[in-house]
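This report concerns only the one structure given below.
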Amino acid sequence: MKDISVNGAAGAQPQQNWTREQEQQVEAAAQVNAAGEEEGMPPFLSQKEEEGKTLIEMIREAQEKADAQREAMKLPKNNTRYGDAPLEAYARLARAKNKMEVNSASGYARRRLAQFRTALRTDSDNAAKIKAAISQLQKAVNRGEKKKRELDREHLTDLRRKKAAKEEQREKEQRLRQELRRRKSQRMIRESGYLREAEISDRLATQLTATQMELRQQFQDLPASTTASMEAAVQQYAAVDASVAVAAAPMEIGFSGQA
């Protein structure tokens with residue numbers, strides 16, 4: 001009896017050790033499966049789906065960065081009519097009857113020049129219109145200086161005419177009168193041409209700005225559509241890859257069961 005009990009105890013010890021090792025392996029396998037179940041996916045699909053998610057996340061991040069860059073490039077809409085300033089400067093110049101009024105018109109042009117040079121650094125969407133207005137305003141300042149010289153010559157011609165009339169030199173007085181009239185008419189024609197030039201310049205700048213905005217919008221829309229198509233392709237690839245893995249899973253499980 002003692003021998004039987006001793007032998008039974010000796011045989012039970014290896015069986016107990018083998019059970020503990022088996023339990024440790026089972027617990028480790030259960031922890032791996034539990035981690036896969038917590039993520040909502042089978043263990044044999046987790047690696048493939050994680051790769052697909054990584055690609056999709058990368059594409060989404062790139063798209064978000066592109067969207068943020070486009071938003072940063074967008075500036076608040078500016079309704080300033082830049083082409084009106086040269087027209088106003090030329091209108092004041094045309095109305096000027098003396099050098100003081102010419103200086104007032106030139107001062108207006110200089111103030112608007114300083115404002116538009118600042119706007120050129122902040123309103124890039126209307127850069128073409130601003131540059132055209134700056135060019136016309138600079139011409140208005142230069143033409144103001146020219147008009148002052150012309151007014152001086154007209155004043156001298158008028159003084160000579162009055163002197164000839166006082167001395168009863170009718171032919172000379174008539175000739176100087178015609179010359180004064182010719183100078184004034186030519187100056188008025190040039191000043192009206194300044195207004196037409198400013199209108200044409202503003203119209204061309206407006207058309208150029210519209211064309212640039214359209215091309216910029218097309219360029220901004222291109223990356224978004226390309227990124228969306230890439231994301232759709234990656235999602236489709238991940239779905240097909242996952243379906244193939246699911247179809248292969250029963251074969252693997254059956255093979256392991258036979259073993």
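If you're wondering where the values come from, they're calculated on a predicted model, not measured in any experiment.
- In terms of heavy atoms, Ala105 sits closest to Arg92 at CB-CB, 3.7 Å.
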As a quick check of understanding, evaluate side-chain contact (heavy atoms from CB on, under 4.5 Å) for Lys163 and Lys166, giving each step before the final call. CA-CA 5 Å; Lys163 181 179 179 181; Lys166 185 177 180 180; 5.6 Å; no
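- Cluster annotation: Phe116 is connected to Val141 through the hydrophobic network of ILVMFWY side chains, with a link wherever side-chain heavy atoms come within less than 4.5 Å.
- The pair Glu145-Lys148 meets the salt-bridge criterion, with a side-chain N (NZ, NE, NH1 or NH2) lying under 4.0 Å from an Asp/Glu carboxylate O.
- A side-chain donor-acceptor contact under 3.5 Å links Glu101 to the backbone of Lys97.
- There is a side-chain donor-acceptor pair under 3.5 Å between Arg112 and Gln115.
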Which donor-acceptor pairs under 3.5 Å do side chains of residues 199-209 form with protein atoms, sequence neighbours excluded?
from: Thr206; atom 1: OG1; to: Asp202; atom 2: O; distance (Å): 2.8
from: Thr209; atom 1: OG1; to: Ala205; atom 2: O; distance (Å): 2.9

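- Between the CG atom of Leu137 and the CG atom of Leu113 there is a distance of 4.5 Å, given to the nearest 0.5 Å.
- For Tyr194, the ring-ring contact (aromatic ring centres under 6.0 Å, His included) partners at least two apart in sequence or on another chain are Tyr90.
- For Lys162 and Asp158, the salt-bridge test passes: some basic side-chain N is under 4.0 Å from an acidic carboxylate O.
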Show the numbers, then the answer: is there a side-chain contact (heavy atoms from CB on, under 4.5 Å) between Arg190 and Lys146? CA-CA 12 Å; Arg190 284 197 303 270; Lys146 180 179 179 180; 4.2 Å; yes
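- At a threshold of 4.5 Å between non-hydrogen side-chain atoms, the residues Glu171 and Arg175 do not count as touching.
- Taking 4.5 Å as the limit, some side-chain heavy atom of Gln136 sits within range of a side-chain heavy atom of Glu197.
- Closest heavy-atom contact between Leu93 and Glu191: O-OE2, 4.1 Å.
- Of the residues listed (Lys184, Arg183, Arg187), the one engaging Glu154 in a salt bridge (Lys or Arg N to Asp or Glu O under 4.0 Å) is Arg187, and it is the only one.
- Using a 4.0 Å cut-off between charged nitrogen and carboxylate oxygen, Glu179 and Arg161 do not count as a salt-bridge pair.
- In this structure, Ala85 and Tyr108 approach most closely via the heavy-atom pair O-CE2, 3.7 Å.
- A salt bridge links Asp152 to Lys99: at least one charged side-chain nitrogen sits closer than 4.0 Å to a carboxylate oxygen.
- For the pair Glu173 and Arg160, the salt-bridge criterion is not met [side-chain N within less than 4.0 Å of a carboxylate O].
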